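One structure is given here, and the rest of the page talks about it.
Since this is a predicted model, take the numbers as computed values, not measurements. Ligands are counted one by one from 1 in listed order, and the atoms in each one are counted from 1 as well.
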Amino acid sequence: MVNTPGTPIAAITPTAPADLRRTARRDRAVRAAVEQGVLGAEAPIAALLDVDGIRESAAALRAAFDGVVAPGTPVLHAFAVKACPLVPVVRLLRDCGIGAEVASAGEAAVAGAAGVAVGQTVLDAPAKTVAELREALALGVAVNVDNTQELARLDALVPAADRRSPLGVRVNPQVGGGAIEALSTATATSKFGVALRDEGARAWLVEAYARRPWLTRLHVHSGSQGMPLALIARGVAEVYGLAEEINERAGRRQVDTLDIGGGLPVNFASDATAPTYEQYARVLAETVPGLFDGRYGLVTEFGRSLLAKHGTVLARVEYAKRAGGRAVALTHAGVQVAARTVYAPGAWPLRIAAYDAKGRPKSGPEVVQDVAGPACFAGDLLAEGRTMPLLEQGDYAAALDTGAYYFAHHYAYNSLPRPGIYGFTTNADPGSDPGSGTEGVRFAVVRTPQTVAEIVAESGAEHAAGITELTAG
Ligand SMILES: *Cc1c(COP(=O)(O)O)cnc(C)c1O
């Protein structure tokens, strides 16, 4: 039913019970979405979030680190709000004991609206204004400074603040990039942080900490999708080494917390969760043995790995046609919900699952086809030349693993509306056949679908005559 995009890495067959259960929940939810009218002829696109799956990932993250840190080590897992900036999602994660990593005033407000406590919030924006820094200090939010000029700004602000904010500097360990250039934050010339291997940078950092006893953290985020675990761990090792040096020079444990960022890659090629948080924690423990011995508190900032596999975009096939011998399904999901995949299909292939008009997994002969979106440019394709069961008019195409950086990141091309997002639970009876009925599947609104009236209002309707009047006689 699910095709697999061409990828140099062999698709990992999912065998973990949690992965198999998630797949079964998805199938039941798709059918229930059609039966309950979440999706249909008049609601031709919707996004689903698997609430139980998100809870499981949050629990897996906490368990993985609980399994390696010395008892009593303070650990804050801060969800990178960027990955899925939806208030109910951040609230759900808060309910699972996860805080928030924010990088703009908007993300900070989303975290606040979700009820994330100030002490569980970390501000990492690369281009913070003076006003944003002042507010963060006033609130007591943890701040990681990006560069020398920002540190100079803090020098001016900190004496006036009452210093509840834990403060640190972001370091670029320059250990190298991964498979996706745009998401590699530890290259020699990355725009993030203080470049550790640049001439004089290390000595400057040690001195900067020696002169500022209020700097108590170090931050590193070595990258993201496409980065090998070993390389991410080497970035953490570099920053750990720097913390040891700073503390030795200070003669005390000045740096008491290491923020090791996020960036665990997600497997988009199958339903298997790989790598797991447990595997990553083990790699960290092997690469940086001192990291977990209790001398340092820890902050993590995972985004994609907490959400990606729990999101599905469902789009009705409005028309199915043929062109130049190729089958083409015209669906309602394209660039507006999958900008990365549409503009960079090589780096961001998505699996597409085929469901019939009743929301049941489609089988049957596999056909090479394009799965197209509704936008008016030729490249608006969710998948090109995929071999999968033929999508026909009235069927549904499901874009899998889209819980992070996809439907929550609307791109307003063609004034296409933001689709509705719905969380679901399946109330699965563990003893029953998980592939069976849809009874017990319940939906809750995460974000209402954008209306045409809202699009018009957001498109400057109240200023309709403004520029005409500028030049009118
Ligand atoms: C984007 C980002 C993250 C989260 O990255 P993921 O790949 O989604 O886990 C964490 N920390 C910082 C500073 C980021 O910019």
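Between Leu137 and Leu167 the shortest side-chain heavy-atom distance falls below 4.5 Å. Inter-residue side-chain proximity for Asp124 and His219 is flagged as met; some heavy-atom pair is nearer than 4.5 Å.
Both cation-pi conditions hold for Arg253 and Tyr296: the charged atom is under 6.0 angstrom from the six-membered ring centre and inside a 45 degree cone around its axis.
Residues satisfying the ring pair (Phe, Tyr, Trp, His ring centres under 6.0 Å) criterion with Phe424, sequence neighbours excluded, are absent altogether.
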Could you check ligand 1 for N or O atoms lying under 3.5 Å from protein N or O atoms and list the pairs with distances?
from	atom 1	to	atom 2	distance (Å)
ligand 1	7 (O)	Ser224	OG	2.4
ligand 1	7 (O)	Arg304	NH1	3.4
ligand 1	8 (O)	Arg304	N	2.8
ligand 1	8 (O)	Tyr405	OH	2.6
ligand 1	9 (O)	Gly263	N	2.8
ligand 1	9 (O)	Gly303	N	2.9
ligand 1	11 (N)	Glu301	OE1	2.7
ligand 1	15 (O)	Lys82	NZ	2.8

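Donor-acceptor pairing under 3.5 Å is recorded for the side chains of Thr273 and Asp19.
Ring geometry for Phe377 against Tyr343 counts as parallel: the plane angle stays under 30°, on a 0 to 90° scale with 60° as the upper cut.
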